[in-house]
Amino acid sequence: MGPKQHFADAVSEQGGLWRLLWVLEKPEARDEGSNETSGKVDMLRRQRGWMLLESLSSSSSVARKIVESTAWIELLGILIGYNGFTKVWIARTGAAKTLSRLLWDPKTGAVIDPLLQRFLPRTLLVVLKEEGPDKMLNLFDGESDTPELIWDASMRGELRRVVGQLLDECIEQRVNTGNGNESFSLDPSARVKFQKLDDELFVGGVYVSRFLKEPTFNLRDPTKFLEMLMQRWSNE
């Protein structure tokens, strides 16, 4: 076992992960007396902190700690703009990079992917994993109406409301105990049910009604869509 793994294990076992995460998610202090230089120094420190967390998440002990605790949903909260956390771009991209790394890992990916699917549209997760945090965040902050992604401000609001309620409970427990929840089990009913998607048929990663309107759209996986569509038709 190398020195990096020893360090990661110590961070995981001795509460270092929580201390680092709580510093990184803390909103910026609004001090009118602070100058531009101090602001840049603070941003640089945060950037280094996020680089450290991303690196640590490549170790099995820290990655496992993140997906087994409330750390993953706190990272999601930073990514989507939870009111109690920082909303600076460096933090949002840092959280997204860490979640992307967890999605790529075969062991943690099998755990974190279905959890995140309860909150984020499938296409946003695919983009986060395959095209990177910047592309995913730009899609998240914008509006889309395509065969693969239906997304707008009202849906962002629904997402933030549901995740915000969960994070409010996490923060309350942290205040009461002084510790993070290291054995977090998400309630089976905890998910976002987007009203705009209630009447949409979603097959193989594609909204069928949008595809019928735009049949020349360049699908990510047309073969999968066709196979899933034929399978659905055969079962009806």
Side-chain angles (χ1 to χ4, degrees), residues 8 11-29 42-43 45-105 108-109 111-120 124-125 128-129 133 136-137 140-141 156-187 189-192:
V11 167
S12 174
E13 296 167 5
Q14 300 176 18
L17 173 62
W18 292 115
R19 290 192 291 273
L20 175 60
L21 185 57
W22 295 345
V23 168
L24 292 176
E25 67 190 22
K26 184 178 180 181
E28 295 67 40
D42 181 61
M43 285 296 104
R45 288 173 178 168
R46 288 176 181 267
Q47 185 175 30
R48 289 172 176 170
W50 282 110
M51 291 172 63
L52 174 60
L53 180 59
E54 184 187 359
S55 177
L56 287 170
S57 67
S58 66
S59 70
S60 58
S61 58
V62 172
R64 185 170 60 252
K65 178 75 70 175
I66 292 174
V67 299
E68 291 177 353
S69 68
T70 57
W72 71 267
I73 200 166
E74 292 182 38
L75 289 170
L76 177 61
I78 296 170
L79 186 156
I80 69 172
Y82 169 61
N83 281 333
F85 294 161
T86 178
K87 297 179 182 178
V88 298
W89 187 257
I90 288 175
R92 295 181 68 207
T93 55
K97 287 178 180 178
T98 303
L99 289 172
S100 177
R101 184 179 287 274
L102 295 173
L103 286 169
W104 271 109
D105 183 278
T108 56
V111 178
I112 196 70
D113 186 77
L115 290 173
L116 292 175
Q117 283 192 56
R118 297 200 200 181
F119 304 99
L120 291 171
L124 288 180
L125 288 178
L128 174 60
K129 181 178 179 181
M136 184 271 189
L137 286 171
F140 180 88
D141 291 341
R156 279 193 295 276
E158 290 178 287
L159 170 63
R160 286 169 177 154
R161 178 180 57 79
V162 174
V163 175
Q165 290 173 349
L166 293 169
L167 285 172
D168 287 345
E169 295 174 3
C170 294
I171 301 302
E172 183 179 2
Q173 178 176 335
R174 179 196 303 179
V175 171
N176 292 335
T177 65
N179 299 307
N181 186 344
E182 299 198 355
S183 183
F184 177 62
S185 180
L186 191 65
D187 189 287
S189 65
R191 64 178 62 247
V192 184

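Note that the coordinates shown come from a computational prediction; the quantities given were computed from them, not determined experimentally.
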Check your understanding: Which atom pair, heavy atoms only, marks the closest approach of P114 to G109?
Key -> CD-O, 4.0 Å
Practice item. Report yes if some heavy atom in the side chain of F140 is under 4.5 Å from a heavy atom in the side chain of L128; otherwise report no. Key: no
Review point. Atom OG in S183, atom NZ in K65: separation rounded to 0.5 Å?
Key: 9.5 Å
Review point. For R46 and T86, what are the C-alpha separation, side-chain angles and deciding distance, and is it a side chain to side chain contact (heavy atoms under 4.5 Å, CB included)?
Key: CA-CA 11 Å; R46 288 176 181 267; T86 178; 4.2 Å; yes
Check your understanding: Is there a side-chain contact between L120 and L76, using heavy atoms and a 4.5 Å cut-off?
Key -> yes
Check your understanding: Would L167 and E25 satisfy side chain to side chain contact (heavy atoms under 4.5 Å, CB included), going step by step from the backbone distance to the final call?
Key -> CA-CA 12 Å; L167 285 172; E25 67 190 22; over 6 Å; no
Practice item. Measure the OG-CG distance between S59 and D105 for me, rounded to the nearest 0.5 Å. Key: 10.0 Å
Study note, to complete from the structure: CD1 of I171 to CD of E74, rounded to nearest 0.5 Å, is 5.5 Å
Exercise for review: Please determine which of L124, L125, L159, I80 meets the side chain to side chain contact (heavy atoms under 4.5 Å, CB included) test together with F119.
Suggested key: L159
Check your understanding: In Å, rounded to the nearest 0.5 Å, how long is the span from OG1 of T70 to CG of L21?
Key -> 8.0 Å
**Study point:** Side-chain heavy-atom pair Q165, R161 within 4.5 angstrom cut-off
**Key:** yes
Review point. What are the two closest heavy atoms between S57 and L102, and how far apart are they?
Key: O-CD2, 4.3 Å
Exercise for review: Spell out, as yes or no, whether a donor-acceptor pair under 3.5 Å connects the side chain of W104 to the backbone of K129.
Suggested key: yes
Check your understanding: Checking side chain to side chain contact (heavy atoms under 4.5 Å, CB included) for the pair L166/Y82: CA distance, chi angles, key distance, verdict?
Key -> CA-CA 11 Å; L166 293 169; Y82 169 61; over 6 Å; no
Practice item. Verify, without hydrogens or angle tests, whether N176 (side chain) and E172 (backbone) share a donor-acceptor contact under 3.5 angstrom. Key: yes
Exercise for review: Evaluate the side-chain proximity of I78 to L24: yes if any heavy-atom separation is below 4.5 Å, no if none is.
Suggested key: no
Review point. Looking at CD1 of I73 and CZ of R118, how far apart are the two atoms once the value is rounded to the nearest 0.5 Å?
Key: 9.5 Å
Review point. Can you tell me if NZ on K87 sees more than 12 non-hydrogen neighbours from other groups inside 6.0 Å?
Key: yes
Check your understanding: W72 and side chain to side chain contact (heavy atoms under 4.5 Å, CB included): which partner among V111, T98, L186?
Key -> L186
Practice item. Measure the spacing between CE of M136 and NZ of K97 and express it to the nearest 0.5 Å. Key: 14.5 Å
**Study point:** Side chain R101, main chain E54, donor-acceptor under 3.5 Å
**Key:** yes
Practice item. For residues P27 and G84, report the shortest heavy-atom separation together with the two atoms involved. Key: CG-O, 3.4 Å
Practice item. Report the C-alpha separation of L17 and L53 in whole Å, then their side-chain angles, then the decisive distance to 0.1 Å, and conclude whether the side chain to side chain contact (heavy atoms under 4.5 Å, CB included) test is met. Key: CA-CA 8 Å; L17 173 62; L53 180 59; 3.6 Å; yes
Point to revise | Sub-4.5 Å side-chain heavy-atom contact between L103 and L116 | key: yes
Exercise for review: Measure up the W18 and W22 rings against each other and bin them: parallel (under 30°), tilted (30 to 60°), perpendicular (over 60°).
Suggested key: tilted
